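Notes for the one structure printed next.
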Amino acid sequence: MTALVDNFSRQVRYVRISVTDRCDFRCVYCMSEEMTFLPRAQILTLEELQQVARAFTELGVEKIRLTGGEPLVRQGIGDLVTGMGQLPGLKDFAMTTNGASLPKHAETLKRGGLSRLNISLDSLNPERFRQLTRTGDLAKVIDGIHAAQDAGFERIKLNAVILKGRNDDEVLDLVDFARDESLDISFIEEMPLGDVSDHSRGETFYSSDDVQSYIESRYSLIPSAESTLGPSRYFRMADSNSRIGFISPHSHNFCSTCNRVRVTVEGRLLLCLGNEHSVDLRQTLRRYPGEMKPLKDQIIGAMDLKPERHHFTTDGDVQVVRFMNMTGG
Ligand code: SAM
Ligand code: SF4
């Protein structure tokens, strides 16, 4: 049972924790080319992050996903994973990563108790991959995927953000790659987080329904009732064990079943991806170092702030000033 229930009777059982705002990539939909990152004093220490994770699991949260920025650029990430991996009550412990540092970290993460990995991959063309990520090397990410498989991670899921005119022609190639490598894949609609300089979001919007129709020109998709406590809708193909998911904040609003909250690396508990409602956990962590009760009371109290829904629109109007790397995607 979770102690975390909001005013719309939704039980919060899933928390995404951002462990850094920094990243070795600069994806065009996530960051601007020149980014200023937070000074060290403003970000939660590894101990504070661990305490936050413990508070949530003691309140009934069963799933934690570590994200960022790029979680694998945080110093001490292996120790953090190992610490959180031992929390009683944690049934699903996941990470979203760009994959480039997995050759170095995959085994430590697996040994530390991480159960699942999502790896972002928007293109299989090295040049285009470089353009979309501005700094990324596709070969490193492919090596990272293989390192994760070798370390024993199962049901690895790719995340692909599809932008019209940029990588929409690669949808079927990405599906075939997932099938060949026995990976799952989720297609994500771009969300209006932060004012990115690269493109107008309205022009690049490509809906999940369009991605789905495109895939169905080659493969029949069978709806699947499976859920990973996340916002994806899943489909199967008759001749493959790969699942295809769609995360569609615009076209299939998922707010009514939202069971998630987020903690930014500054310790702000965000009640909704698309709204600014938040409480400052860092202040409490630093005022009462090591004490669980004030932190847990604050988290319980914050549930009253969870709004009923987000109000993203497809015309690309920026509604939320936070960049995705600050939000914890
Ligand atoms: N660096 C890691 C990665 O890229 O997987 C984790 C953090 S990243 C912010 C998490 C996910 O958010 C990635 O799959 C990324 O593609 C996605 N993302 C970033 N900005 C987005 C946006 N504006 N709209 C939709 N998805 C976005
Ligand atoms: Fe970095 Fe992930 Fe954002 Fe790309 S999507 S810039 S990899 S945090």
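Note that this is a predicted model, so its numbers are computed, not measured.
In this view, Phe235 and Phe246 satisfy the ring-ring contact (aromatic ring centres under 6.0 Å, His included) rule, not counting sequence neighbours. Residues passing the salt bridge (Lys or Arg N to Asp or Glu O under 4.0 Å) test with Asp168, sequence neighbours excluded: none. Applying the side-chain contact (heavy atoms from CB on, under 4.5 Å) rule to Ala151 yields the partners Ala106, Glu107, Lys110, Phe153; only residues at least two apart in sequence or on another chain are considered. For Asp239, the salt bridge (Lys or Arg N to Asp or Glu O under 4.0 Å) partners are Arg179, not counting sequence neighbours. Residues meeting the salt bridge (Lys or Arg N to Asp or Glu O under 4.0 Å) test with Glu58, sequence neighbours left out: Arg54, Lys296. Qualifying salt bridge (Lys or Arg N to Asp or Glu O under 4.0 Å) partners for Arg10, counting only residues two or more places apart in sequence or in other chains: Asp6. Checked against side-chain contact (heavy atoms from CB on, under 4.5 Å), Gln283 has the following partners two or more places apart in sequence or in another chain: Asp280, Arg287. Every residue was checked against the side-chain contact (heavy atoms from CB on, under 4.5 Å) condition with Ser9, not counting sequence neighbours, and none meets it. By the side-chain contact (heavy atoms from CB on, under 4.5 Å) test, Gln51 pairs with Leu285, Met292, Leu295, sequence neighbours left out.
A donor-acceptor pair under 3.5 Å is absent between the side-chain atoms of Arg26 and the main chain of Met35, judged by distance alone. Judged purely by atom type and a 3.5 angstrom limit, Arg268 has no side-chain atom pairing as donor or acceptor with the backbone of Val265. When atom types are taken as modelled, the side chain of Ser186 and the backbone of Lys157 share no donor-acceptor pair closer than 3.5 angstrom. In this structure, Glu62 contributes its side chain and Arg13 its backbone to no donor-acceptor pair below 3.5 Å. Checking side-chain atoms of Gln149 against main-chain N and O of Glu181 turns up a donor-acceptor pair under 3.5 Å. Side-chain N or O atoms of Arg243 include none that pairs as donor or acceptor with a backbone N or O of Ser224 at under 3.5 Å.
When the side chains of ILVMFWY residues are joined at heavy-atom separations under 4.5 Å, either directly or via intervening members, Leu281 and Ile300 end up in a single hydrophobic cluster. Both Leu124 and Tyr214 are part of a single hydrophobic cluster, where members link through side-chain heavy atoms under 4.5 Å apart. By the rule that hydrophobic residues join a cluster once side-chain heavy atoms approach within less than 4.5 Å of another member, Leu172 and Leu221 end up as members of one cluster. Linking Ile, Leu, Val, Met, Phe, Trp and Tyr whenever their side-chain heavy atoms come within less than 4.5 Å leaves Tyr219 and Ile222 in two separate clusters.
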* Asked: Does the pair Ser123 and Leu132 meet the rule for a side chain to side chain contact (heavy atoms under 4.5 Å, CB included), with working shown?
  -> CA-CA 8 Å; Ser123 174; Leu132 287 170; 4.1 Å; yes
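Contact annotation: the side chain of His277 never approaches that of Lys306 to less than 4.5 Å [non-hydrogen atoms, C-beta and beyond]. Between Ile162 and Asn167, some side-chain heavy-atom pair lies under the 4.5 Å cut-off.
Checked against Met95 for a side-chain contact (heavy atoms from CB on, under 4.5 Å), the options Ile77, Thr67, Ile17 give a single hit: Ile77.
Pairs engaging residues 118-132 under the salt bridge (charged side-chain N to carboxylate O under 4.0 Å, His left out) rule: Arg128-Asp169, Arg128-Glu170 [sequence neighbours left out]. Contacts classified as salt bridge (charged side-chain N to carboxylate O under 4.0 Å, His left out) and involving residues 144-155 (residues at least two apart or in different chains) are given here: Arg155-Asp184. Among pairs with a residue in residues 66-82, none fulfils salt bridge (charged side-chain N to carboxylate O under 4.0 Å, His left out), at least two apart in sequence or across chains.
In this structure, Phe8 places its CZ atom where more than 12 heavy-atom neighbours from other residues, nucleotides or ligands lie under 6.0 Å away.
Both cation-pi conditions hold for Lys63 and Tyr14: the charged atom is under 6.0 angstrom from the six-membered ring centre and inside a 45 degree cone around its axis.
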